[in-house]
Every structure is written in structure tokens, then in C-alpha cells.
Amino acid sequence: MKDLDKRNMPLYIIVLSLILIFPLGVYYIVLKTEENLRNIKKVATNFKIVGFLGILVGVIYFLANYSVYVSLIDSHMNLDMYSFNFIYIYVYIIMVVISSFIGSSYLNKICERFMIYTEFINIRHIKDITIIQDETLENIEDVKNNINKLIKLGYLVNVKVSNDNIISTKTVDKKKLVKCKTCGNIEILDKDKVRCTFCMRKLTKKDRM
């Protein structure tokens, strides 16, 4: 199955994956988020919350069944189906916690990488793609593809890619540039864009660069 097919995975498949094999569901969500780049910071935060909730549920479940564990140990019973259920539940909780934190970390790294693009191009007006390549540690073709993707989605404004250089198509009024205090994204503040496209935080004149 190609990555494109995974990114277009139907919602019911993702839900079933989260129920049966949680890490697989997280993988599909990360692929969709990575492709669309919408609310990427919010999804990363939600994953982190799920991870902490998993830890909390695991602790509560352990404390609630502590007496049962003690009785199993004191009776020197072999593991039966009942005690195997405990093991499965804890394994599932561990999968939830680990995969949630990995998903959150991965999406945050994507967000941080694309913040480099917006800062270098929108603010510093870097023209040489190789400079961005050195900063993101990506190959030149990936950098070009990412720039074109960000231009298409509206994160990079008034620029286009030509060979290994970034060409400005219009002078940006620096007074309209704002930096989101939550995620660091660079935006142009106007009547049509009053929220950060990464974390959806409301932008004001106080966020001006």
C-alpha cells in the first residue's frame, strides 16, 4: 500500500486501528496531518494529552486492582486467562502512551522544521535554498518540494522557486508580519487571516515582529 493510500485512509479504518492496534491509528493520523499541515500543533498537543491520560488510567487501574494482584501472588496461582487479561490491558496502555508521545514528538519536529522555512523566507528573506537545506538537514529536492507545498498552502507568501533560489514576487510590508507566541509561526496579519494556521491562536497587532 502506498503512502498516498495511507494518507487517504477512511475514518472508520483509523478508528478501528485506534481501538485494536493503537500505534497504527496514530501512524495514520500523523500521515494525514503531515500531508495537510492543518492544526498540526493542536494534533501534537492532543497526542501528548492522550499519552498523559494513558499514564493516569494505568495508575488508577493498578491501584483499583492492587488487592487482586496481591491475592494472585499470595495464592501462588499460575497465570490463567483472568490474569492474562491484566497483562493485555497494561500492554495496550503502554502502546497508547508510547505511540502518543512519539506521534506528538514527530509532529512537533515537523512544525519546528516548517517554522524555519517561514522565518528564513518571510522574515530574513533568504534567497539561497542551500542555506535552508543546511538548517533543516534535508536534501535539496525535499526542500524545494516543501517550499512549494508551503507556498500552495499559504504559509509562504509572495515567493516562488527558481532553480536553487527563492525569488520574491512582491515586497512584503514588514509592519503586517506577526509571530505567533504559541508556536512561533510567521503570518501576515490582514482582514482575511486573524488566526495562526498552525495552532489556530488568535493573532493581534501585539504579535507584530
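This chain uses plain numbering: 1 for the first residue, then up along the sequence.
Residues Ser104 and Ala44 share a closest heavy-atom pair of OG-O, 2.9 Å. Shown here for Tyr117 and Val143, the closest heavy-atom pair between the two residues is OH-CA, 3.5 Å. Contact between Tyr92 and Leu18 at its shortest, heavy atoms only, is OH-O, 2.6 Å.
Here NZ of Lys41 is found 13.5 Å from OG1 of Thr33. Values are rounded to the nearest 0.5 Å. The structure places CD1 of Ile14 at 9.0 Å from CG of Leu31, a figure rounded to the nearest 0.5 Å. One finds the NZ atom of Lys202 at 13.5 Å from the SG atom of Cys180 (value rounded to the nearest 0.5 Å). Within the model, atoms CZ of Phe62 and CD1 of Ile93 stand 12.0 Å from one another, a figure rounded to the nearest 0.5 Å. Atom NZ of Lys144 and atom CG of Asn139 lie 10.0 Å apart (nearest 0.5 Å).
Residues that satisfy the ring-ring contact (aromatic ring centres under 6.0 Å, His included) test with Tyr106, not counting sequence neighbours, are absent from this structure. Listed by chain and residue number, nothing satisfies the side chain to side chain donor-acceptor pair (under 3.5 Å) test with Asn148 (two or more places apart in sequence, or in another chain). Remark: Glu138 pairs with Arg113 by the salt bridge (charged side-chain N to carboxylate O under 4.0 Å, His left out) rule, at least two apart or across chains. The ring-ring contact (aromatic ring centres under 6.0 Å, His included) search around Phe22 returns none, not counting sequence neighbours. By the side-chain contact (heavy atoms from CB on, under 4.5 Å) test, Ile21 is found to be paired with Pro23, Leu24, residues two or more places apart in sequence or in another chain being considered.
Contact of the Cys111 side chain with the Leu107 side chain is not registered, since no non-hydrogen atoms from C-beta on lie closer than 4.5 Å. By the 4.5 Å heavy-atom criterion applied to side chains, Thr136 and Asn146 are not counted as neighbours.
Hydrophobic clustering (ILVMFWY, side-chain heavy atoms < 4.5 Å, transitive): Leu137 and Ile116 are in distinct clusters.
Panel note: side chain Ser17, backbone Gly25; no donor-acceptor pair is recorded below 3.5 Å.
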Give the table of side-chain donor-acceptor pairs shorter than 3.5 Å for residues 94-103, with sequence neighbours excluded, one pair per line with atom names and distance.
{"residue": "Ser99", "atom": "OG", "partner": "Met95", "partner atom": "O", "Å": "2.5"}
{"residue": "Ser99", "atom": "OG", "partner": "Val96", "partner atom": "O", "Å": "3.3"}
{"residue": "Ser100", "atom": "OG", "partner": "Val96", "partner atom": "O", "Å": "2.7"}

Sequence neighbours left out, cut at 3.5 Å: what donor-acceptor pairs do the side chains of residues 46-61 make with other protein atoms?
{"residue": "Asn46", "atom": "ND2", "partner": "Lys42", "partner atom": "O", "Å": "3.4"}

